[in-house]
Amino acid sequence: MHRFGKTGDAIVGEKSVTELCRHAVDMAMKDAGVSWKQVQAVSAASSRFSGGKGWGLNGNDIVEDFGCTGIPVYNLSAGCAAGGNAFNIGYSLVAGGIHDLVLVVGGEVMPKGMIQTSGVADANDPEYLRQRCIGMPGPAFWATLARRRMFDYGTTEEQMAKVTVKARKCSESNPFARFQKAVSLDEVLASPYVSNPLRLFEICPVSNGAAAAVICSKEMARRFTSKPITVATSAVATIGFDDALPRSLAGPVPSGPSFHTEAKSAVLKAFERSGIGPRDISFTELQDNTCYYELAFPEEWGLCEPGEAERLLEAGETAPSGRMPINPSGGFVSFGEATTAMGVFQIAELTWQLRGQAGGRQVPDAKVGLAQTNGLGGNATAAILKR
Amino acid sequence: MTERYTMNEIANTAALREPCVPGLFSEEEGARLHGARCTCCNTPYFPRVATCRNPSCDESRIVPCTFGGEGKLWSYSVADFPPPPPHRYDQPFVPYAIGVVDLDSGLRVVGQMVDPAEAMQVGARVRLVIEPIHHGDGKAFTSWKFKLL
Ligand SMILES: [Zn+2]
């Protein structure tokens with residue numbers, strides 16, 4: 001992994017996406033004891049905003065950078081879920097017996113400020129219409145959900161701020177996080193609203209960063225280590241027709257609550273395929289673009305009961321030492337979002353946690369980890385790793 | 001803005017009001033969104049679609065229809081900072097509320113709220129209106145919005 005940072009800072013400076021990825025790939029191969037010549041394929045989360053050849057990719061640039069061995073490259077696009085998709089393809093290629101050893105990589109150099117639409121005035125593009133006719137950037141979508149949760153469960157702004165306090169506490173011991181300093185409840189509540197009720201410290205900024213992972217067959221893993229981390233399963237899903245959330249301009253009024261159908265579908269598929277249930281999960285890395293998700297997602301996936309998340313948070317149960325640890329890495333709120341790196345960054349964190357190498361943020365006796373991403377266009381992924 | 005008209009005069013003069021995107025909505029016969037409905041499964045659509053997207057619908061039968069009238073505020077947010085382009089707004093930027101509204105006709109629609117954020121309440125009754133979102137070239141560019149009842 002390359003530590004996350006912001007263009008021009010002391011961490012990432014002016015590094016290109018290829019430079020960030022090179023660092024991450026080097027580290028992953030060294031960690032695995034694998035040489036470049038042993039890599040049989042690359043599954044890359046195709047860069048959305050940066051990358052070579054003018055159309056944003058990572059995989060081909062990486063192969064060119066490390067040496068053109070002629071191996072197949074898969075460049076996957078799925079917005080912020082691309083890293084999870086790349087991991088899924090890498091896993092599927094190995095699990096399906098196509099390749100024995102695959103490199104998964106994702107990295108991004110992000111444009112500044114709020115993420116914009118393509119800029120093309122296309123009246124057939126619902127995202128263009130939404131921005132032109134309404135003016136509803138990403139944070140406003142999350143704020144709508146947070147507001148609804150406040151109505152449904154009486155969630156307070158203090159409780160949402162406590163999610164950030166917990167996350168930033170974890171980040172103190174994560175050398176790869178962009179922010180590595182704890183924040184107090186008062187500091188979070190003093191940060192300005194980006195989209196009421198959500199504040200600056202409760203929303204992940206954009207970051208530059210990269211992450212990589214090596215997946216190989218069980219037989220091959222024996223050559224490298226006596227204690228491999230096993231991929232129990234990896235699943236991908238897209239949004240259901242009954243999804244209740246206001247993603248476009250309009251939709252039918254849903255008959256009941258059906259939120260984030262893509263994420264729920266991916267996670268439940270992962271549970272079903274692996275035979276691992278919510279009660280078996282030692283910790284979860286989920287996509288917390290904003291603190292709201294740390295409250296909503298665990299309930300939607302059956303990790304806890306609906307409306308219970310705030311109580312668990314305040315009792316310290318979502319901290320690494322609690323009964324339902326969420327985002328011990330510090331999460332997106334501490335890293336910022338480097339879109340295509342996120343799904344792979346989660347895999348790195350799961351691996352370190354399962355090996356017991358996570359230092360001050362270690363989940364005691366972590367046996368099974370769940371990772372989840374969401375991406376524009378109704379994409380989601382889930383992966384379960386175990387030791 | 002031209003020198004001959006004030007902003008309010010522009011906004012109130014029909015000839016000077018222009019939809020920010022043509023064909024999506026109209027106000028000549030009251031505020032209406034131009035959508036469609038599948039007569040087989042009754043699914044409402046806005047904007048119009050070519051075929052029904054409901055995977056459990058037996059046969060796509062799309063007919064054009066319009067939506068308007070009243071509904072209930074499902075939730076809302078606030079644009080506390082100016083959104084990036086292609087959104088356009090009058091200077092100086094004034095934060096506005098964005099509502100998600102369940103129209104009585106069965107359509108859940110997103111839109112700007114006319115009233116200030118402090119007045120918002122989940123569950124409030126609202127009505128669809130067409131109002132200016134920004135001014136320029138002597139015209140008031142309109143979009144659909146919701147007004148608290
Ligand atoms: Zn239909």
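Quantities reported herein were computed from a predicted structural model and do not represent experimental measurements. Order of the sequence lines sets the chain letters (A, B, ...), proteins ahead of strands, with each chain counted from 1.
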Query raised in the report: Is the NZ atom of A:Lys6 crowded by more than 12 outside heavy atoms at less than 6.0 Å?
Result: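 For A:Lys6, atom NZ is not crowded (no more than 12 foreign heavy atoms under 6.0 Å).
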Query raised in the report: So does B:Arg53 have more than 12 non-hydrogen atoms from other groups sitting under 6.0 Å from CZ?
Result: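 Open.
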Check whether any side-chain heavy atom of [X] sits under 4.5 Å from a side-chain heavy atom of [Y], and report yes or no.
| X | Y | result |
| --- | --- | --- |
| B:Pro47 | A:Leu249 | yes |
| A:Leu129 | B:Leu24 | yes |
| B:Ser77 | A:Arg147 | no |

**Report entry** Which portion of B:Ile133 sits near chain A, non-hydrogen atoms under 4.5 angstrom
**Finding:**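 The side chain, not the backbone.
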Return the minimal non-hydrogen interatomic distance between [X] and [Y], and the atom names on each side.
| X | Y | value |
| --- | --- | --- |
| A:Arg148 | B:Ser75 | N-OG, 3.2 Å |
| A:Ile134 | B:Tyr96 | O-OH, 3.4 Å |
| A:Arg132 | B:Arg88 | NH2-NH1, 3.8 Å |
| B:Ser143 | A:Cys133 | OG-O, 2.8 Å |
| A:Pro246 | B:Val100 | CG-CG2, 3.6 Å |

Query raised in the report: For chain A, which residues from residues 54-73 of chain B lie under 4.5 Å away (heavy-atom distances)?
Result: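 Near chain A, by residue number: B:Asn54, B:Pro55.
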Requested in this report: Taking heavy atoms only and a threshold strictly under 4.5 Å, list by residue number the residues of residues 36-45 of chain B that touch chain A; give 'none' if the list is empty.
Outcome: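 When heavy atoms of chain A are the reference, residues 36-45 of chain B contributes B:Thr43, B:Pro44, B:Tyr45 within the under-4.5 Å range.
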Report task. Specify which of B:Leu33, B:Val110, B:Val109, B:Val101 makes the most heavy-atom pairs with chain A at under 4.5 Å. Result ->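 Top option by heavy-atom pairs under 4.5 Å: B:Val110.
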Query - Between B:Phe25, B:Trp144, B:Tyr76, the one whose heavy-atom pairs under 4.5 Å with chain A are most numerous - result: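 Of the candidates given, the most pairs with chain A belong to B:Tyr76.
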Query raised in the report: Checking heavy atoms, do the side chain of A:Ala146, its backbone, both or neither come under 4.5 Å from chain B?
Result: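 Neither the backbone nor the side chain of A:Ala146 comes within 4.5 Å of chain B.
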Query raised in the report: So which part of A:Tyr193 gets closer than 4.5 Å to some heavy atom of chain B, the side chain, the backbone, both or neither?
Result: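 Contact with chain B is through both the backbone and side chain of A:Tyr193.
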Query - Closest-packed option against chain B by number of heavy-atom pairs under 4.5 Å, given A:Pro252, A:Ala143, A:Pro197, A:Pro192 - result: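 That would be A:Pro252.
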Report task. Verify, without hydrogens or angle tests, whether A:Ser195 (side chain) and B:Val78 (backbone) share a donor-acceptor contact under 3.5 angstrom. Result ->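 Checked: pair present.
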Requested in this report: Using atom types as modelled and distance alone, determine if a side-chain donor or acceptor of B:Arg108 lies under 3.5 Å from a backbone N or O of A:Ala244.
Outcome: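 Here the side-chain-to-backbone pair exists.
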Query - Spacing of CG belonging to B:Asp80 relative to CG belonging to A:Leu198, to within rounding of 0.5 Å - result: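 It comes to 9.5 Å.
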Query raised in the report: Rounded to the nearest 0.5 Å, how far does CZ of B:Phe46 lie from OG of A:Ser248?
Result: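 These two atoms lie 9.0 Å from each other.
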